[in-house]
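This is a predicted model, so every value here is computed, not measured.
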Amino acid sequence: MARKTLKKTDNVRLNMLGLPVIGTLDDFSALTHLSKYSIFQLSKNSGKYYKVYEIPKKSGKKREIAQPSRKLKALQSWILVHILNKLKVSPSCKGFEKGQSILENANPHVGSNAILNIDLKDFFPSVKSNYVFNIFKSLGYDHTISTILTNICTFQGKLPQGSPCSPKLANLACWQLDNRIQGYVGKRGITYTRYADDLTFSGLSPNKVIKIAKTVDKIIQNEGLLINTDKTHFAGTAKAKKVTGLVINDKSAGIGKKKYHELRAKFCNLAKPENQEKKDKLYHAIGWLSFLKSVDIVRYKRILHYIAALKTKYPNTQLDMIKTDQ
């Protein structure tokens, strides 16, 4: 029997996209340095290679985590690096992408008079295997290879919370959702961004922002997703406005005054004698400092001056481990 190969058009498409040409299991094996038997087992019996457990949500409910085995995760990581990360997501997508952050998600909404935040319910599990299959098939992979790739990246017919591929695949699956929403709200002067399952809409007119809600809900449901009504929030001109945890105003986005003063208190506590042996508090505060640098450079510089003053006032404390001459 002649060796099966990709159609010439599919081969060209994959090459143009800079993606690995995988026409057979032999090709996949050669590229990943895994035996055909291993790939076949990881694909056909992928459900056996997960450890499933639950972690508590802030709401008190449980979130199911499906953690892939080391071998399966390694293959998923190969797919992420060599295929998925080479694909572009929609311009509205700001989460789980290189060069994007919660600050990049908040900045487009700076200066708005109204903010509408909508949260998608069960984001990863809502992306079913057929969505994932269609992504790989649209790239130029044939039915068999697309099926193998889909099986490796999904668990029980959906994206697992725990696979390195899930965030990117979820973003790719939401390409049409983003484009439909952007096409609708953009004509009405509304700014739209999405950070994973967090959709944000903003505008100068509170009434216009409120009016889009019903149609946006219909679009979301039509795309096979649901809104978590408990996390839907609207803030008009008189309320504080937040986007993915950051406070926005007329000129900028950042952690806000309240969070900044809470952070100052954390560093002040590090100077107290009873906290000198509590390294966990030090590392926790340093983690917050790193986060602050990434989202609010003005307050970051301000708090470095504050820490430097504390170090002078309270010498020989854990604060000495924090560099303030950055």
Side-chain angles (χ1 to χ4, degrees), residues 58 89-120 167 171 178 181-182 185-213 216 231-270 284-310 322-326:
K58 289 182 179 179
V89 296
S90 76
S92 303
C93 177
K94 306 297 181 182
F96 303 130
E97 292 297 315
K98 187 176 181 180
Q100 301 289 2
S101 66
I102 60 172
L103 181 61
E104 295 298 321
N105 186 55
N107 277 336
H109 305 283
V110 169
S112 60
N113 291 329
I115 295 281
L116 174 63
N117 291 308
I118 294 177
D119 186 80
L120 298 178
N171 280 341
D178 290 338
I181 290 177
Q182 179 58 45
V185 304
K187 297 174 183 178
R188 289 157 177 80
I190 305 297
T191 299
Y192 164 64
T193 62
R194 179 178 59 80
Y195 192 94
D197 57 357
D198 196 338
L199 283 60
T200 303
F201 305 85
S202 67
L204 297 177
S205 169
N207 287 335
K208 283 187 177 181
V209 175
I210 291 174
K211 283 181 179 179
I212 65 167
V216 167
K231 290 187 177 181
T232 297
H233 300 289
F234 175 78
T237 52
K239 290 186 178 180
K241 300 170 189 63
K242 285 188 176 183
V243 178
T244 44
L246 296 181
V247 178
I248 67 166
N249 55 37
D250 290 340
K251 297 181 179 179
S252 63
I255 63 170
K257 291 180 181 179
K258 182 180 179 182
K259 183 60 70 177
Y260 175 71
H261 287 297
E262 289 177 3
L263 190 53
R264 275 173 56 112
K266 290 180 187 295
F267 287 103
C268 188
N269 283 332
L270 291 177
H284 179 73
I286 290 175
W288 264 103
L289 193 61
S290 177
F291 170 73
L292 183 61
K293 184 178 181 180
S294 68
V295 300
D296 195 334
I297 194 67
V298 173
R299 287 192 173 94
Y300 171 72
K301 292 178 179 178
R302 192 182 301 167
I303 208 162
L304 287 184
H305 288 299
Y306 176 70
I307 296 170
L310 285 174
I322 303 172
K323 293 182 179 181
T324 54
D325 55 348
Q326 299 179 44

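- Note that the OG atom of Ser112 and the CD1 atom of Ile190 stand 9.5 Å from one another [nearest 0.5 Å].
- Separation of atoms CG (Asn207) and NZ (Lys211) is listed at 6.0 Å; rounding is to 0.5 Å.
- Here the closest non-hydrogen pair linking Thr237 and Lys241 is O-NZ, 3.7 Å.
- Summarising the geometry, atom CD1 belonging to Ile286 is positioned 7.5 Å from atom CZ belonging to Phe267; distances are rounded to the nearest 0.5 Å.
- Listed by first and then second residue, the salt bridge (Lys or Arg N to Asp or Glu O under 4.0 Å) pairs that reach into residues 191-203 are Asp178-Arg194, sequence neighbours excluded.
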Which donor-acceptor pairs under 3.5 Å do side chains of residues 242-252 form with protein atoms, sequence neighbours excluded?
unit_1: Thr244; atom_1: OG1; unit_2: Asn105; atom_2: ND2; d: 3.3
unit_1: Asn249; atom_1: OD1; unit_2: Lys251; atom_2: N; d: 2.8
unit_1: Asn249; atom_1: OD1; unit_2: Ser252; atom_2: N; d: 2.7

| field | side chain to side chain contact (heavy atoms under 4.5 Å, CB included) assessment of Leu199 paired with Leu120 | value | CA-CA 8 Å; Leu199 283 60; Leu120 298 178; 3.7 Å; yes

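- Taking every heavy atom of both residues into account, Asp296 and Gly254 meet most closely at OD2-CA, 3.3 Å.
- No donor-acceptor pair under 3.5 Å is formed between the side chain of Lys259 and the backbone N or O of Lys257.
- Identified under the salt bridge (Lys or Arg N to Asp or Glu O under 4.0 Å) test for residues 95-113, with sequence neighbours left out: Glu97-Lys168.
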| query | Which is it for Leu116 and Thr232 under the side chain to side chain contact (heavy atoms under 4.5 Å, CB included) test, yes or no, and what are the steps along the way? | reply | CA-CA 7 Å; Leu116 174 63; Thr232 297; 4.2 Å; yes

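- For the pair Leu204 and Gly111, the tightest heavy-atom approach, listed with the atom from each and the gap, is CD2-O, 3.7 Å.
- Judged by distance alone, with hydrogens and angles left aside, the side-chain atoms of Asn269 form a donor-acceptor pair with the main-chain N or O of Ala265 at under 3.5 Å.
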| message | Checking Arg299 against Arg302 for the side chain to side chain contact (heavy atoms under 4.5 Å, CB included) test, could you report, in this order, the C-alpha distance in whole Å, the side-chain angles of both residues, the deciding distance, and whether it holds? | response | CA-CA 5 Å; Arg299 287 192 173 94; Arg302 192 182 301 167; 4.1 Å; yes

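- Of the possible donor and acceptor atoms, none in the side chain of Ser290 sits under 3.5 Å from a partner among the backbone N and O of Gly287.
- The two atoms that bring Lys323 and Leu304 nearest to each other are O-CD2, 3.9 Å, heavy atoms only.
- Between Phe96 and Tyr195, the two ring planes are tilted [angle within 30° to 60°].
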| said: Evaluate Tyr306 against Cys268 for side chain to side chain contact (heavy atoms under 4.5 Å, CB included), listing each step before the verdict. | reply: CA-CA 9 Å; Tyr306 176 70; Cys268 188; 3.7 Å; yes

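- By the 4.5 Å heavy-atom criterion applied to side chains, Lys231 and Asn117 are not counted as neighbours.
- Atom CG of Leu263 and atom CD1 of Ile303 lie 3.5 Å apart (nearest 0.5 Å).
- The minimum heavy-atom distance linking Gln182 with Ser92 is given by the pair OE1-OG, 3.8 Å.
- For the atom pair CG of Leu103 and CD1 of Ile255, the computed distance is 12.0 Å after rounding to the nearest 0.5 Å.
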